[in-house]
Amino acid sequence: MFNPPNPEVFNPMVWKIARQVPEGRVTTYGQIASMIPSPEGVDPLQYERLGSRWVGSAMRALRDETIPWQRVINSQGEISLPKGSKGAEEQRALLEMEGIIFSASGRVDLTRFGWDGPEPEWLAANGLLPPRTPGKRKSPHDASQPRLL
DNA sequence: CGTTTGACTACGC
DNA sequence: CGCGTAGCCAAAC
């Protein structure tokens, strides 16, 4: 797999960040990776290429049910679990329950539901970096697309 | 021991 | 938006 040199350190960092994603928001593998400093001995340039993969591995290895794993999707706003799989369907259902809307092509609008990351103080306190966030952000509760509930 | 297989992403057309 | 490609690496077949 695409594992970091130190999964026992890297994975918990990923999970800790994932736990911070609020209900009704989503983040991406790459965004989480951007908050984690490149591991000791890893070329930052290489980390930039592999970080998202490593985050994906960490999520795959996740066993803690209390972490909102469903809020981590790929940079295209798609669910990365195999299409049609039980896991993918569960993920979509969980997200829709939080008010997240999927387009006809099965994608989430990251400019609308994307997360800006943890508070700077939290990041600093945990030795993490400010995330690379997608561009401008719309309101998730834009009246043009009302939530059902 | 060669292949396949992953919870990825940026980029090109 | 849909498809294809390169870059990356180890474990399970």
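Convention: sequence-line order gives letters A, B, ...; per-chain numbering from 1.
- Rounded to a whole Å, the CE atom of A:Met59 is 15 Å from the C1' atom of B:dG6.
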Do nucleotides 8-13 of chain B as a string where each nucleotide becomes B, S or -: B if the base has a protein heavy atom under 4.0 Å, S if just the sugar-phosphate does, - if no protein is that close. BSS---
Passes salt bridge (Lys or Arg N to Asp or Glu O under 4.0 Å), A:Arg92 versus A:Glu96? Steps please. CA-CA 6 Å; A:Arg92 173 163 177 158; A:Glu96 290 183 320; 3.1 Å; yes
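- Linking Ile, Leu, Val, Met, Phe, Trp and Tyr whenever their side-chain heavy atoms come within less than 4.5 Å puts A:Met97 and A:Val72 in one cluster.
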Under the side-chain contact (heavy atoms from CB on, under 4.5 Å) rule, what do A:Gln91 and A:Ile73 come out as? Steps first, then yes or no, please. CA-CA 9 Å; A:Gln91 186 170 16; A:Ile73 62 181; 3.8 Å; yes
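- A continuous path of hydrophobic side-chain contacts links A:Trp122 to A:Ile67 [ILVMFWY only; heavy atoms under 4.5 Å].
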Walk me through it: do A:Ile17 and A:Thr27 pass the test side-chain contact (heavy atoms from CB on, under 4.5 Å)? CA-CA 10 Å; A:Ile17 293 170; A:Thr27 185; over 6 Å; no
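- Residue A:Met59 is grouped with residue A:Leu94 when hydrophobic side chains (ILVMFWY) are merged at heavy-atom distances under 4.5 angstrom, including chains of intermediate members.
- Near DNA chain C, meaning a heavy atom under 4.0 Å away, the residues from residues 34-47 of chain A are A:Gln46.
- Rounded to whole Å, atom P of C:dC3 lies 11 Å from atom CD of A:Glu78.
- No chain of hydrophobic side-chain contacts below 4.5 Å, direct or via other Ile, Leu, Val, Met, Phe, Trp or Tyr residues, connects A:Leu50 to A:Leu129.
- Residue contacts for A:Trp54: at a heavy-atom cut-off of 4.0 Å it reaches no nucleic acid atom on any strand shown.
- In this entry the distance linking CE of A:Met1 with C1' of C:dC9 reads 10 Å, nearest Å.
- With rounding to the nearest 0.5 Å, the separation of CD in A:Gln31 from CG in A:Asp116 is 7.5 Å.
- Distance check on atom P: B:dC1 versus C:dC8 gives 25 Å, rounded to whole Å.
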